[in-house]
Peer 1: 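This is the structure I want to talk about, given as structure tokens.
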Number of protein chains: 2
Amino acid sequence: MNDRGGTFDGVHRRNLSKVLRLVHLEGAMSRARLTGLTGLNRSTVATLVAELVELGLTVEQPPDPTNRVGRPSPVVAADPHVLALAVNPEVDAITMAAVGLDGRIPIRERIEVDRLPSPEETADLVAATRDRWMAGELRRARLIGVGLAVPGLVRASDGLVRWAPHLEWTDAPLRALVEEATGLPAAVGNDASFGAHAEHLFGAGRGVDDLVYLNGGASGIGGGLVVHGRLVGGTGGYAGEFGQNRPGIADPADRRADGGVLEDEVSRARLLEVAGLASADEPSLAAALAASKAPEAAAELARQRRILATALGNAINVLNPSLVVLGGFLATVAESDPADLEQAVGAQTVAAAFEEVSIRVAALGEDRLMIGAAEAALSPLLADPLSATRD
Amino acid sequence: MNDRGGTFDGVHRRNLSKVLRLVHLEGAMSRARLTGLTGLNRSTVATLVAELVELGLTVEQPPDPTNRVGRPSPVVAADPHVLALAVNPEVDAITMAAVGLDGRIPIRERIEVDRLPSPEETADLVAATRDRWMAGELRRARLIGVGLAVPGLVRASDGLVRWAPHLEWTDAPLRALVEEATGLPAAVGNDASFGAHAEHLFGAGRGVDDLVYLNGGASGIGGGLVVHGRLVGGTGGYAGEFGQNRPGIADPADRRADGGVLEDEVSRARLLEVAGLASADEPSLAAALAASKAPEAAAELARQRRILATALGNAINVLNPSLVVLGGFLATVAESDPADLEQAVGAQTVAAAFEEVSIRVAALGEDRLMIGAAEAALSPLLADPLSATRD
DNA sequence: TCCGATATGCGGTCAAGCGCAACAAATTCG
DNA sequence: CGAATTTGTTGCGCTTGACCGCATATCGGA
């Protein structure tokens with residue numbers, strides 16, 4: 001209840017946040033447009049923008065030469081020198097990027113590792129890379145924080161990685177380790193949740209307030225939800241574990257794993273197998289499956305579509321989203337026959353809910369996790385720009 | 001974006017709302033406690049309370065003789081004369097009640113009908129009952145609106161009942177009909193969603209921000225979700241249709257309906273059958289099942305527990321709630337062996353999510369729907385008390 | 001029974017934020 | 001080149017809540 005929303009100070013902070021969020025999410029825009037979107041007075045917006053410039057969070061640029069009547073309005077943009085680090089530790093490599101408040105990614109690096117990285121090594125690597133970048137490409141940068149997208153269960157309250165099976169981490173205090181090593185505030189979260197957030201803000205789910213996101217990776221199926229325009233964390237932050245669900249399987253012949261969960265039945269490994277590949281990136285797998293003449297390939301895709309349809313149907317009945325976004329190999333499964341998938345989903349959902357939902361493929365590519373992780377790191381700044389008093 | 005939160009007027013309105021909501025939800029409390037809970041200044045709270053009294057929404061009472069040091073603080077309470085009508089049309093009867101802003105229910109009536117009521121008849125009956133009550137028991141009352149809990153799919157945007165199978169209503173413009181007949185603003189919603197809201201605000205889910213509610217009725221299973229402390233509606237308002245989900249059924253022998261949905265497998269009718277009853281209210285059914293020596297009764301309960309456990313597991317994995325509330329005959333199923341149900345849920349959920357969830361039985365009785373419907377009718381007033389300018 | 005401690009209410013003063021209105025500036029159109 | 005249009009800028013007034021000092025009410029202990 002103590003959200004300070006009632007105080008005057010609160011009003012000002014909220015308005016600053018509103019303006020900064022707009023230029024962050026919608027990109028550079030004129031001051032006039034800001035007045036329109038915020039509903040605030042021209043003079044108020046002028047004050048707010050001036051304060052944000054003073055804080056070093058936005059920059060004002062000369063007006064765009066739009067051929068319209070009237071005095072041109074200066075363009076307000078997020079300061080590209082304000083950056084967050086994004087990190088995604090995986091089995092074979094640690095991917096890092098710097099993501100600007102303007103949404104651009106000036107630098108990005110995939111650091112291969114020859115054995116599973118430990119949480120401590122990860123933290124040290126982040127710090128080392130930060131130092132290297134700050135001495136070089138990011139000389140003029142101002143780092144706000146670090147966001148880490150981890151393939152596993154992360155406790156939201158303290159950034160403890162409860163369990164990351166593929167990295168073989170258990171109860172790793174990643175947030176504390178990274179904050180210790182870098183001196184920057186860190187945000188740790190589940191990779192799929194961050195992906196969902198990124199798709200919601202910048203991808204296929206832009207402007208959609210209720211969506212379900214499912215991502216198929218090499219190691220399983222993760223996901224995230226957006227309800228009322230907000231990413232759902234749940235009590236602990238573990239929400240979105242669609243892969244561990246048990247959807248109904250109408251035809252017993254479709255079952256592959258006894259008592260198995262969704263990610264045992266709908267799996268990338270099975271697709272690789274019928275495609276006759278040992279490993280492949282997503283486009284090659286999709287191409288191989290499309291080119292395959294073998295009947296097993298089509299049959300396996302159809303089987304996975306059927307089971308996926310039930311899982312999606314369950315989610316749609318309960319959440320009544322306006323959009324379902326599929327990423328990773330689930331996009332491949334969906335695109336193998338979109339009409340069939342849609343028909344199967346429709347047959348298993350309440351008609352009214354099905355009318356309003358559309359199923360789409362994720363729009364952001366590899367950058368999804370980087371953007372989502374950076375967003376988590378930037379979120380305190382966006383919520384309260386005054387917290388970024390410059391030193 | 002135009003929530004007027006940035007303006008001063010907005011602050012005042014929000015603060016009024018905050019205070020009114022507190023006395024509505026938490027009951028009467030001292031002005032001193034209000035200052036503490038809102039975080040506002042004493043003088044501010046004094047102004048706000050005075051304004052609410054002026055608006056006729058709250059009353060100030062002499063201080064409670066609490067045996068505490070210091071000057072006693074006047075007690076602020078919701079005005080019991082401010083009321084909302086709650087209506088629940090069902091196959092055999094239409095139940096109506098008047099629910100006060102103070103949470104009390106001064107009057108309640110079950111009006112039996114000998115054939116299915118039409119939407120028009122329902123609206124007329126509401127108007128007639130309102131008139132009768134206003135001439136009698138509710139002479140001094142001030143009615144704010146009508147809330148209707150309908151057993152079916154309701155489009156939130158315009159209160160259109162898309163489909164209420166048991167009432168045999170299709171695309172009934174109930175909100176418009178009731179507003180026309182009564183001249184009062186009406187709120188229409190799904191009965192289970194309203195039940196979920198009521199349990200969240202006043203029942204087993206008090207103070208819990210993330211919960212899942214499932215209710216088992218004679219005609220099926222409905223539910224509702226609360227995420228981030230808010231009832232989830234989804235895009236159209238159809239969220240919560242757990243009964244139409246297809247949970248995995250590990251043992252094919254457990255399946256009763258081919259390609260059936262949850263409410264075909266877990267159903268009150270099957271319980272009545274094994275209990276050897278034609279019809280019964282909930283306590284009698286529970287008693288009959290507990291007393292039954294027949295092995296089929298225990299077996300059927302166990303079977304329904306297994307399937308329910310999978311459905312709950314799916315919801316818990318996805319939403320990571322801190323509480324699952326079971327109502328209606330699902331409470332009977334759960335209480336037939338709580339430990340068994342819990343164990344089965346635990347076996348099908350992500351460990352971290354299971355740690356944080358507890359499964360409880362609904363706390364509110366018959367009043368659940370009335371309270372939930374009234375809450376929906378009162379919600380515009382609670383959100384903006386100034387909208388209730390007295391005439 | 002009285003007095004100090006504690007807790008709260010009340011009124012006045014002050015600073016801050018925002019809306020408003022008037023004016024100034026920049027651009028397009030005829 | 002002037003009218004029309006749109007927007008930035010400036011100063012003013014209103015509203016609001018924080019802060020301060022004082023009054024008031026109750027309790028506990030001397």
Side-chain angles (χ1 to χ4, degrees), chain A residues 1-20 22-23 28-55 58-77 384-386, chain B residues 1-19 28-54 58 60-76 384-386:
Chain A
M1 190 58 76
N2 259 330
D3 54 7
R4 315 290 308 153
T7 73
F8 273 94
D9 195 43
V11 174
H12 189 56
R13 286 175 122 89
R14 191 197 312 276
N15 285 341
L16 277 175
S17 162
K18 215 181 214 174
V19 170
L20 186 59
L22 272 173
V23 297
M29 65 175 74
S30 73
R31 237 149 96 168
R33 209 160 155 244
L34 274 175
T35 22
L37 289 175
T38 54
L40 300 171
N41 194 280
R42 282 205 300 261
S43 52
T44 311
V45 171
T47 322
L48 294 170
V49 169
E51 195 167 347
L52 287 174
V53 171
E54 184 65 26
L55 285 166
T58 60
V59 287
E60 272 196 299
Q61 297 159 354
D64 250 349
T66 58
N67 286 332
R68 289 188 49 239
V69 193
R71 177 173 174 172
S73 187
V75 171
V76 182
D384 182 10
L386 282 179
Chain B
M1 189 57 79
N2 260 331
D3 54 8
R4 314 292 306 156
T7 73
F8 279 85
D9 192 46
V11 173
H12 188 59
R13 288 176 121 89
R14 193 196 310 279
N15 286 342
L16 276 175
S17 162
K18 215 181 213 171
V19 171
M29 63 176 76
S30 73
R31 239 144 100 167
R33 209 163 109 78
L34 272 175
T35 35
L37 288 174
T38 55
L40 300 173
N41 195 282
R42 280 205 299 266
S43 53
T44 311
V45 171
T47 322
L48 294 171
V49 169
E51 195 166 347
L52 288 174
V53 171
E54 183 66 27
T58 60
E60 274 196 296
Q61 298 158 351
D64 248 348
T66 56
N67 287 332
R68 290 187 50 237
V69 192
R71 174 172 173 174
S73 186
V75 172
V76 182
D384 182 9
L386 281 181

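All chains are named by letter (A, B, ...) in the order of the sequence lines, taking the proteins before the strands, and each is independently numbered beginning at 1.
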Peer 1: Can you name the residues that form a salt bridge (Lys or Arg N to Asp or Glu O under 4.0 Å) with B:Asp384, not counting sequence neighbours?
Peer 2: B:Arg13
Peer 1: Measure from CZ on B:Arg14 to C1' on D:dT16 and round the result to the nearest Å.
Peer 2: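 B:Arg14 atom CZ is separated from D:dT16 atom C1' by 15 Å.
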Peer 1: Can you check the A:Asn41 CG to D:dT9 C1' distance for me, whole Å?
Peer 2: 12 Å
Peer 1: Tell me whether the OP1 or OP2 atom of C:dC18 has a side-chain N or O from A:His12 closer than 4.0 Å.
Peer 2: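 Checking C:dC18 against A:His12, a side-chain N or O does come within under 4.0 Å of OP1 or OP2.
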Peer 1: Determine the minimum heavy-atom distance between A:Val75 and A:Pro62, stating which atoms define it.
Peer 2: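 Heavy-atom minimum between the residues: CG2-O, 4.2 Å.
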Peer 1: What's the angle between the local helix axes at either end of the helix from C:dT1-D:dA30 to C:dG30-D:dC1, using five pairs per end and rounding to 10 degrees?
Peer 2: 0°
Peer 1: If the cut-off is 4.0 Å, is A:Asn15 near the phosphate of C:dC18, judged by side-chain N/O to OP1 or OP2?
Peer 2: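 For C:dC18, OP1 or OP2 has a side-chain N or O of A:Asn15 closer than 4.0 Å.
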Peer 1: With sequence neighbours excluded, tell me which residues meet side chain to side chain contact (heavy atoms under 4.5 Å, CB included) with B:Ala50.
Peer 2: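 For B:Ala50 there are no side chain to side chain contact (heavy atoms under 4.5 Å, CB included) partners, ignoring immediate neighbours.
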Peer 1: List for me each residue that meets salt bridge (Lys or Arg N to Asp or Glu O under 4.0 Å) alongside A:Arg33, sequence neighbours excluded, and say none if there are none.
Peer 2: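 Counting only residues at least two positions away or on another chain, A:Arg33 forms no salt bridge (Lys or Arg N to Asp or Glu O under 4.0 Å).
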Peer 1: Does a distance-only test, which skips hydrogens and angles, find a donor-acceptor pair under 3.5 Å between the side chain of A:Thr47 and the base of C:dC18?
Peer 2: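 No pair found.
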Peer 1: Once side chain to side chain contact (heavy atoms under 4.5 Å, CB included) is applied, do any residues pair with A:Glu60, and if so which ones, sequence neighbours excluded?
Peer 2: A:Arg31, A:Val49, A:Val53, A:Pro74, A:Val76
Peer 1: Which atoms of nucleotides 6-8 of chain D (N or O only) lie under 3.5 Å from a protein N or O atom, and what are those distances?
Peer 2:
from  : atom 1 : to      : atom 2 : distance (Å)
D:dT6 : O2     : A:Arg71 : N      : 2.6
D:dT7 : O4'    : A:Arg71 : O      : 3.4
D:dT7 : O3'    : A:Ser73 : OG     : 3.4
D:dG8 : OP1    : A:Ser73 : OG     : 2.4
D:dG8 : O4'    : A:Arg71 : NH1    : 3.4
D:dG8 : O4'    : A:Arg71 : NH2    : 3.3
D:dG8 : N7     : A:Arg42 : NE     : 3.2
D:dG8 : O6     : A:Arg42 : NH2    : 3.1

Peer 1: In chain order, what residues pass the side chain to side chain donor-acceptor pair (under 3.5 Å) check against A:Ser73, with sequence neighbours excluded?
Peer 2: none
Peer 1: Of all residues at least two apart in sequence or in a different chain, which pass the side chain to side chain contact (heavy atoms under 4.5 Å, CB included) check with A:Pro63?
Peer 2: A:Pro72
Peer 1: For A:Asn41, check side chain to side chain donor-acceptor pair (under 3.5 Å) against everything at least two apart and list the hits.
Peer 2: A:Ser43
